Amino acid sequence: MQFLRDRGYAHEIGSEVTPRDVYRSRRECLRRIAAATAGTALAACAARDALGQAARPGKLAALAAARSAVPGALTMERATAYTDVTTYNNFYEFGTDKSDPAQHAGSLKVRPWRVSVEGEVRRARTFDIEDLLKLAPMEERIYRMRCVEGWSMVIPWIGYSLSELIKRVEPTGNAKFVEFVTLADRTQMPGIRSSVLDWPYVEGLRLDEAMHPLTLLCMGLYGEVLPNQNGAPVRLVVPWKYGFKSGKSLVKIRLTETQPQTTWGKANSDEYGFYSNVNPQIDHPRWSQATERRIGEDGVFQKKRPTLLFNGYQTQVSQLYAGMDLRKFF
Ligand SMILES: Nc1nc2c(c(=O)[nH]1)N[C@H]1C(S)=C(S)[C@@H](COP(=O)(O)O)O[C@H]1N2
Ligand SMILES: [Mo]
C-alpha cells in the first residue's frame with residue numbers, strides 16, 4: 001500500500017536554510033530563553049501571546065479548565081498555531097491526507113455519544129459524554145505531540161487523567177492492559193470505505209501506563225471542546241508515546257488480562273510496536289527517529305529539532321519501564 005510506504009516521508013523536502021531563517025531562529029531562541037526564565041504559568045501565557053491569538057482562537061463551545069498541577073503537564077514550549085493543530089491531522093477514518101480530517105469530519109455526529117467501560121472491572125458502565133464532561137475537574141495540559149512520521153506539535157489540550165475514569169469502574173486483580181476502541185461508522189466516516197486499516201481503529205496500553213497521571217482523557221483543546229478532526233467528543237492523549245497510540249473518538253474502553261492487538265500492529269508489527277514510546281535511538285525500519293520537524297517552526301530548527309527520549313517526559317515515566325529492554329519492547 002503506497003500510503004503505508006509514504007508514512008513519514010511527507011515532509012522530507014524543501015528545507016533550504018536562508019539567512020532570514022537563521023535570523024528568525026535566533027529571535028526564536030531569545031524568545032525561548034525569556035520564556036524559560038518566567039514561571040511555568042507565565043511562560044504558557046507567553047506561548048499563547050506569542051501566537052498573537054486569543055485564548056479561544058476557534059468558534060466551538062468554550063470548555064473551562066484550570067491549569068494542570070500534574071508534574072510535566074505544562075511545557076513552556078511555544079504552542080503550535082490553532083490552524084495547524086486543526087488542519088494538519090491524522091484521522092484515517094476521514095481519509096489519509098493531512099487535510100482530509102478537517103475537510104470531511106463535519107459529518108461526525110458527536111451527540112448523543114456514549115463510552116462503554118468494561119472487561120476486567122467490578123463496575124462495568126456506559127458513560128454518557130455529558131457524564132464524562134462532569135466526572136472530574138477539567139485541566140489544561142500543554143503537551144508535546146510527536147508523530148511516528150517525524151513531525152511534532154505542542155498542543156494545549158483539555159481533559160483529566162484517564163485514571164479518574166478507570167478508578168470509578170474498579171479494575172479486578174486480573175486487569176493488566178487497557179484496550180481503546182474508536183468509532184467505526186461508514187455512514188459518518190468516508191475513510192472507512194477504504195481498507196487502508198482494519199477498522200475500528202484500536203489501541204492499547206498497559207494498565208500502569210493507562211493509570212499514569214499524564215495519560216489524558218481529552219475533551220478539548222485551545223479552550224474549547226474538541227474539533228471533530230482532533231477526535232471529538234473524547235479521545236486519548238499519551239504524550240510520551242508516538243501519536244498513533246492516542247485513539248480519537250473513543251467508544252469503548254476495555255480492561256483485559258492479555259495484551260490487546262492494535263490496528264497499526266496488525267498492519268505492520270515490525271514497524272509499530274505495542275509500546276511505541278518516543279525514542280530517538282530506535283529508528284523506524286524505514287527512517288530515523290533521531291530528529292523531528294516541529295510544525296509551524298521555520299528556520300534552522302526545521303527537521304533538525306532533536307527528538308527526546310519519552311518525548312521529553314523521561315522524568316515522569318521512565319520508572320514504568322525500569323529493567324525493560326526498550327529495544328525488545330519497542
Ligand atoms: N481513530 C483514530 N485515532 C487516531 C488516528 C486515526 O487515524 N484514527 N491517527 C493517530 C495518529 S497517527 C496521530 S499522529 C494522532 C493525531 O492527532 P491530531 O490530529 O489531533 O494531532 O491521532 C492518532 N489517533
Ligand atoms: Mo501519527
Side-chain angles (χ1 to χ4, degrees), residues 3-4 6-11 58 79-105 108 110 115 141-159 179-186 188-192 194 196-205 216 218-222 224-253 262-268 271-273 276 278 284 287 289 292-296 307 311:
F3 92 96
L4 280 176
D6 289 347
R7 199 175 156 101
Y9 294 116
H11 291 277
T80 302
Y82 180 84
T83 332
D84 288 330
V85 172
T86 56
T87 60
Y88 187 93
N89 302 101
N90 275 332
F91 199 167
Y92 281 10
E93 288 85 336
F94 294 100
T96 55
D97 284 347
K98 293 288 179 281
S99 56
D100 280 335
Q103 274 177 47
H104 303 300
L108 178 66
V110 298
V115 181
R141 303 199 183 177
I142 309 179
Y143 285 169
R144 289 175 289 279
M145 201 203 41
R146 168 66 154 80
C147 175
V148 73
E149 296 165 340
W151 52 268
S152 65
M153 297 193 190
V154 174
I155 306 179
W157 301 110
I158 300 169
E179 178 185 57
F180 301 90
V181 184
T182 75
L183 184 71
D185 180 349
R186 52 179 68 225
Q188 304 179 49
M189 300 171 136
I192 300 252
S194 142
V196 306
L197 287 176
D198 212 14
W199 315 110
Y201 190 102
V202 176
E203 257 307 332
L205 295 173
L216 184 69
C218 174
M219 281 154 272
L221 60 81
Y222 264 108
E224 304 185 349
V225 298
L226 275 179
N228 289 359
Q229 59 268 38
N230 294 91
V234 56
R235 69 172 294 171
L236 200 69
V237 182
V238 192
W240 70 94
K241 291 178 181 280
Y242 291 117
F244 70 88
K245 296 295 295 179
S246 298
K248 295 177 166 183
S249 305
L250 297 172
V251 292
K252 194 192 293 181
I253 298 175
T262 65
T263 297
W264 278 104
K266 279 190 271 181
N268 194 333
E271 303 194 348
Y272 307 104
S276 284
V278 175
H284 185 280
W287 59 84
Q289 295 291 30
E292 64 199 55
R293 186 179 81 103
R294 180 67 52 85
I295 299 295
T307 287
N311 203 22

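Everything numeric here is computed off the predicted structure, so don't read it as measured data. Values below: all heavy atoms of this structure, side chains included; hydrogens, waters and symmetry mates excluded. For ligands, and for the atoms within them, numbers begin at 1 and follow the listed sequence. All residue numbers refer to positions in the sequence shown, counting from 1.
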Please work out which of the three classes, parallel, tilted or perpendicular, describes the rings of His284 and Trp287, given edges at 30° and 60°. parallel
State the atoms of ligand 1, each with its element, that fall below the 4.0 Å cut-off from a heavy-atom position in Asn230. 18 (P), 20 (O)
Centres of the Phe244 and Tyr272 rings: under 6.0 Å? yes
Give the atoms of ligand 1, by number and element, whose distance to some non-hydrogen atom of Cys147 is under 4.0 Å. 14 (S)
List the steps, then state whether side-chain hydrogen bond (donor to acceptor under 3.5 Å, both in side chains) holds for Ser152 with Arg146. CA-CA 4 Å; Ser152 65; Arg146 168 66 154 80; 5.8 Å; no
Is it the case that Lys98 and Asn89 place a side-chain donor and acceptor less than 3.5 Å from each other? no
Mark up the atoms of ligand 1 that fall under 4.0 Å of a heavy atom belonging to Thr182, in ascending order. 1 (N)
Heavy atom under 4.0 Å from ligand 1: found in Met153's side chain, backbone, both, or neither? neither
Looking only at distance, does Trp157 have an N or O less than 3.5 Å from an N or O of ligand 1? no
I'd like to know if Ser246 contacts ligand 1, where contact means a heavy-atom distance under 4.0 Å to any ligand atom. yes
Would you say Glu93 and ligand 1 have an N/O pair spaced under 3.5 Å apart? yes
Mind checking salt bridge (Lys or Arg N to Asp or Glu O under 4.0 Å) for Glu93 and listing every partner two or more places apart, or none if nothing turns up? none
Please name the pair of heavy atoms, one in Arg294 and one in Val154, separated by the smallest distance, quoted to 0.1 Å. NH1-CG2, 3.3 Å
Does Asn89, backbone or side chain, put an N or O under 3.5 Å from an N or O of ligand 1? yes
Residue portion contacting ligand 1 (non-hydrogen atoms closer than 4.0 Å) for Glu149: neither
For Trp151, is at least one N or O under 3.5 Å away from an N or O on ligand 1? no
Tell me, please: is Arg235 in heavy-atom contact with ligand 1, that is, under 4.0 Å? yes
Proximal atoms of ligand 1 relative to Phe91 (non-hydrogen, under 4.0 Å): 1 (N), 2 (C), 6 (C), 7 (O), 8 (N)
Donor-acceptor under 3.5 Å (Asn311 side chain, Arg144 main chain): yes
Does any N or O in the side chain of Lys248 come within less than 3.5 Å of the main-chain N or O of Gln229, such that one atom is a donor and the other an acceptor? yes
